[in-house]
K.L.:
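Quick one: the structure is below, questions incoming.
Proteins come first, then strands; the chains are lettered A, B, ... in the order of their sequence lines, and each starts at number 1.
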Number of protein chains: 2
Amino acid sequence: MDGPADDPDPTPRRGPVTLRTIAELAGVHVTTVSRVLAPPAQAVRTSSPETAQRIREIAAELGYRPDPHGRALRTNRSHLVGVLVPRLADLVLATIYEGVEDAAGRAGYSTFVTNSQDDVARRADRTDMLLARRVDGILLGDAPVDGSSLGLLVERGVPYALVSRRAPGHPSVTCDDLAGGRLAAEHLLALGHRDVAVVAGEPYTSTGLDRTGGFLAAFAEAGHPVPDHRVRRSGFDVRGGREAAEALLATGPLPTAVFAVNDFAAIGVMGAVRDRGLTPGREVSVVGFNDVPLAAELPVGLTTVRSPMHEMGRRGFALLLARIEGRTWGSELLDPELVARASTGPAPR
Amino acid sequence: MDGPADDPDPTPRRGPVTLRTIAELAGVHVTTVSRVLAPPAQAVRTSSPETAQRIREIAAELGYRPDPHGRALRTNRSHLVGVLVPRLADLVLATIYEGVEDAAGRAGYSTFVTNSQDDVARRADRTDMLLARRVDGILLGDAPVDGSSLGLLVERGVPYALVSRRAPGHPSVTCDDLAGGRLAAEHLLALGHRDVAVVAGEPYTSTGLDRTGGFLAAFAEAGHPVPDHRVRRSGFDVRGGREAAEALLATGPLPTAVFAVNDFAAIGVMGAVRDRGLTPGREVSVVGFNDVPLAAELPVGLTTVRSPMHEMGRRGFALLLARIEGRTWGSELLDPELVARASTGPAPR
DNA sequence: CGACTCCGCCCAATCGTTTGGGCGGCGTGC
DNA sequence: GCACGCCGCCCAAACGATTGGGCGGAGTCG
């Protein structure tokens with residue numbers, strides 16, 4: 001009863017608008033319509049200006065949108081990319097992803113995002129799902145620093161790029177985490193801190209490793225090497241930071257400052273400091289990393305190293321796109337920046 | 001030079017595996033392969049057990065995955081759904097989305113998520129993009145309570161469902177926010193609070209409205225109506241909560257408790273309380289909503305109303321799927337639960 | 001022994017798009 | 001006036017999967 005509408009009224013036109021719909025209305029072949037509506041870049045065998053104009057008008061009036069499935073089938077290009085993150089509920093990754101989606105949208109791409117939970121099996125499973133969806137490439141926000149799990153992609157020849165975390169020998173867009181670690185160290189050194197501790201994040205991530213590495217290097221170069229027992233791995237969330245800080249504060253004399261490689265971990269550290277009746281920024285200074293919006297709003301503002309998360313997402317997508325399109329590319333390091341707030345102060349005597 | 005591999009070796013087989021690849025290897029027609037590999041539910045015109053077995057083995061060995069574009073083109077079903085959220089960098093929505101993605105994955109669907117920023121134009125734009133991608137349905141996590149912006153979907157006959165925020169007359173899966181507001185009120189009433197304030201969230205959202213409404217109703221019924229000037233709209237983030245709290249605390253006598261309709265807003269409230277030299281849970285009690293993981297880890301643990309965010313996402317997808325498949329469906333209300341921590345205490349005299 | 005049924009498979013059309021190959025007709029040059 | 005070129009368009013063949021329609025052969029039954 002509600003069939004393909006044989007009323008002669010051309011405007012509301014039931015059903016989806018296809019090239020054929022337009023071709024019939026314009027009294028022309030679908031090929032012609034396709035060629036007219038193709039992006040000007042690949043404008044070969046063009047039509048007469050009048051025909052083109054007429055076709056464009058009809059297409060606009062009907063609200064024609066090319067069917068991505070038909071197009072993908074023919075061109076073998078889906079204009080889809082997969083994005084793998086450890087957890088989307090991690091604000092840092094969510095923000096990076098916003099950048100990715102932003103850039104992808106502008107380039108006419110859509111993204112599937114999915115979380116791997118930093119779990120090997122799940123990562124393989126999700127990658128498989130993305131490949132089954134025929135994505136044009138994959139952006140990895142969860143790469144382990146040893147590059148394991150990238151073999152499959154290389155082997156299959158799937159374009160990919162890393163974002164947030166780097167791995168030697170693979171294309172990536174990351175914050176210059178080594179420099180960021182140094183910034184934190186220099187800030188604390190300038191405030192007179194000599195006896196410090198590090199909440200170091202997960203040891204299989206370049207973010208944790210590099211930030212810690214840069215920090216330790218700067219202290220060592222300044223003549224105040226940080227002993228091993230003052231460095232402790234941790235999760236990247238509040239709980240992880242709190243647990244690591246409790247362990248660090250429990251043993252021996254109190255450090256005068258703690259550097260956490262992630263803001264949420266730093267918030268956990270501040271909680272642990274408070275639990276001992278101390279105030280962050282007075283008895284114990286605390287530095288975080290990333291500068292999430294929350295950092296500025298805390299009762300005691302968190303001193304932190306700002307990383308350009310949104311920008312990182314955008315550039316990460318741009319890098320992936322360059323690889324997909326076979327253009328030249330290179331890995332990128334984005335500059336971090338120190339933001340001093342109330343959680344750091346001069347070292348107590 | 002790297003063509004379709006005419007070596008007789010059947011196993012590594014260059015290029016993508018299609019039905020034809022399998023058909024040729026099995027010496028059978030593609031139709032037969034398609035029918036064998038179809039889900040058992042729609043098993044009509046089946047093959048002989050031997051043929052079927054052989055086909056399945058070859059498919060498994062080659063790692064056959066049906067091309068979603070070919071399938072979508074033919075069946076007019078993309079197995080794709082769009083998800084619209086205000087901001088993915090909002091932990092609450094990110095968690096709900098994790099639930100959505102979880103359920104979608106299990107059902108063989110993939111999801112596009114995109115943020116509307118609660119902006120009318122952007123929402124229309126993103127919806128359009130999703131429709132252009134030929135999604136089978138749309139899940140809305142950003143619906144305004146007046147249901148505006150849903151007209152387009154209804155009109156076009158696109159299956160949709162609401163999650164997190166409801167709108168009268170539209171299918172939704174939400175937390176029972178009215179009940180949640182009451183839970184918060186009852187908790188504070190039991191602690192002896194009579195003079196309270198509300199940080200009410202955005203007035204165009206059912207979450208803000210219902211949580212506030214339930215809270216106010218319970219206080220009114222208990223004989224302690226909350227005056228208008230003690231209720232103030234706010235953003236759902238830390239800054240929004242802080243700003244609203246500063247306004248509320250500035251005028252007249254201090255309330256003994258503040259209910260914020262969102263945990264992050266509550267964190268902002270606690271910051272404002274601290275700024276005045278007061279301690280949350282002593283001079284001023286604070287209650288939040290959602291129970292995000294951070295709430296338990298704060299220096300002063302946040303009393304809050306837990307909402308089942310992950311579950312909400314899962315059920316939301318299930319509801320959408322029911323509509324897509326034309327099954328019967330109904331809106332759902334999920335039960336909230338009060339979690340008492342240190343940020344609430346007996347009302348001071 | 002013939003007719004009928006049904007099983008197991010193949011044929012062909014279709015979804016919407018892109019793209020190399022033709023093919024008339026008009027304009028130009030000699 | 002004829003040959004040639006090119007402009008503007010149409011034709012047809014893909015891409016991979018699904019699905020109604022046939023068709024030969026084996027089995028059943030009278």
K.L.:
Taking the side chain of A:Tyr64 as its heavy atoms from C-beta onward, which of C:dT17, D:dG20, C:dG16 lies nearest to it?
P.N.:
C:dT17

K.L.:
Could you check how far CG of B:Asn76 sits from P of D:dA17, rounded to whole Å?
P.N.:
17 Å

K.L.:
For B:Thr32 and A:Asp67, take the nucleotide of DNA chain C holding the closest heavy atom to each; which residue's nucleotide lies nearer the 5' end?
P.N.:
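Of the two residues, B:Thr32 wins.
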
K.L.:
Would A:Val83 and A:Thr111 satisfy side-chain contact (heavy atoms from CB on, under 4.5 Å), going step by step from the backbone distance to the final call?
P.N.:
CA-CA 7 Å; A:Val83 182; A:Thr111 58; 4.2 Å; yes

K.L.:
What I want to check is whether an N or O donor and acceptor connect the side chain of A:Thr31 with the base of D:dC9 at under 3.5 Å.
P.N.:
no

K.L.:
Is a salt bridge present between B:Asp102 and B:Arg315, judged by a nitrogen-to-oxygen distance below 4.0 Å?
P.N.:
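No, this pair does not count.
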
K.L.:
Partners of A:Arg327 by side-chain contact (heavy atoms from CB on, under 4.5 Å), sequence neighbours excluded?
P.N.:
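Only A:Ala322, A:Glu325 meet the side-chain contact (heavy atoms from CB on, under 4.5 Å) criterion with A:Arg327.
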
K.L.:
Which part of the nucleic acid, if any, lies within reach of B:Val28 when heavy atoms closer than 4.0 Å are counted: base, sugar-phosphate only, or nothing?
P.N.:
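Sugar-phosphate, backbone atoms only, no base.
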
K.L.:
Closest to the B:Arg20 side chain: D:dA17, D:dC9, D:dC15?
P.N.:
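Looking only at side-chain atoms, B:Arg20 lies closest to D:dC15.
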
K.L.:
I need the single residue from B:Arg165, B:Arg87, B:Arg126 that forms a salt bridge (charged side-chain N to carboxylate O under 4.0 Å, His left out) with B:Asp118. Which is it?
P.N.:
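So the option named by the test is B:Arg165.
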
K.L.:
How long is the line joining NE2 of B:His69 and C1' of D:dA14, in whole Å?
P.N.:
17 Å

K.L.:
Atom CD of A:Gln53 to atom C1' of D:dG8: distance rounded to whole Å?
P.N.:
17 Å

K.L.:
Between atom CZ in A:Arg71 and atom C1' in C:dT19, what is the gap in whole Å?
P.N.:
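Atom CZ in A:Arg71 sits about 14 Å away from atom C1' in C:dT19.
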
K.L.:
Would you mind classifying the nucleic acid contact of A:Ser34 as base, sugar-phosphate or nothing, using non-hydrogen atoms under 4.0 angstrom?
P.N.:
base

K.L.:
Take the protein atom CG of A:Leu19 and the nucleotide atom C1' of D:dC11, then report the distance between them rounded to whole Å.
P.N.:
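A:Leu19 atom CG is separated from D:dC11 atom C1' by 16 Å.
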
K.L.:
A:Leu73 has an atom CG; how far is it from atom C1' of C:dT19, in whole Å?
P.N.:
14 Å

K.L.:
CZ of A:Arg133 versus P of D:dG16: gap in Å, rounded?
P.N.:
17 Å

K.L.:
Expressed in angstrom and rounded to an integer, what is the separation of A:Arg35 atom CZ from D:dA12 atom P?
P.N.:
15 Å

K.L.:
Going by distance alone, is a donor N or O of one side chain under 3.5 Å from an acceptor N or O of the other, for B:His170 and B:Ser172?
P.N.:
no

K.L.:
By nearest nucleotide on DNA chain D, pick out whichever of B:Gly70 and B:His29 is the more 5' one.
P.N.:
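Nearest nucleotide further toward 5': that of B:Gly70.
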
K.L.:
Using a distance-only criterion (donor-acceptor N/O pair, under 3.5 Å, no hydrogens), is the base of D:dG16 paired with the side chain of B:Arg65?
P.N.:
no

K.L.:
If the cut-off is 4.0 Å, is A:Thr75 near the phosphate of D:dC15, judged by side-chain N/O to OP1 or OP2?
P.N.:
no

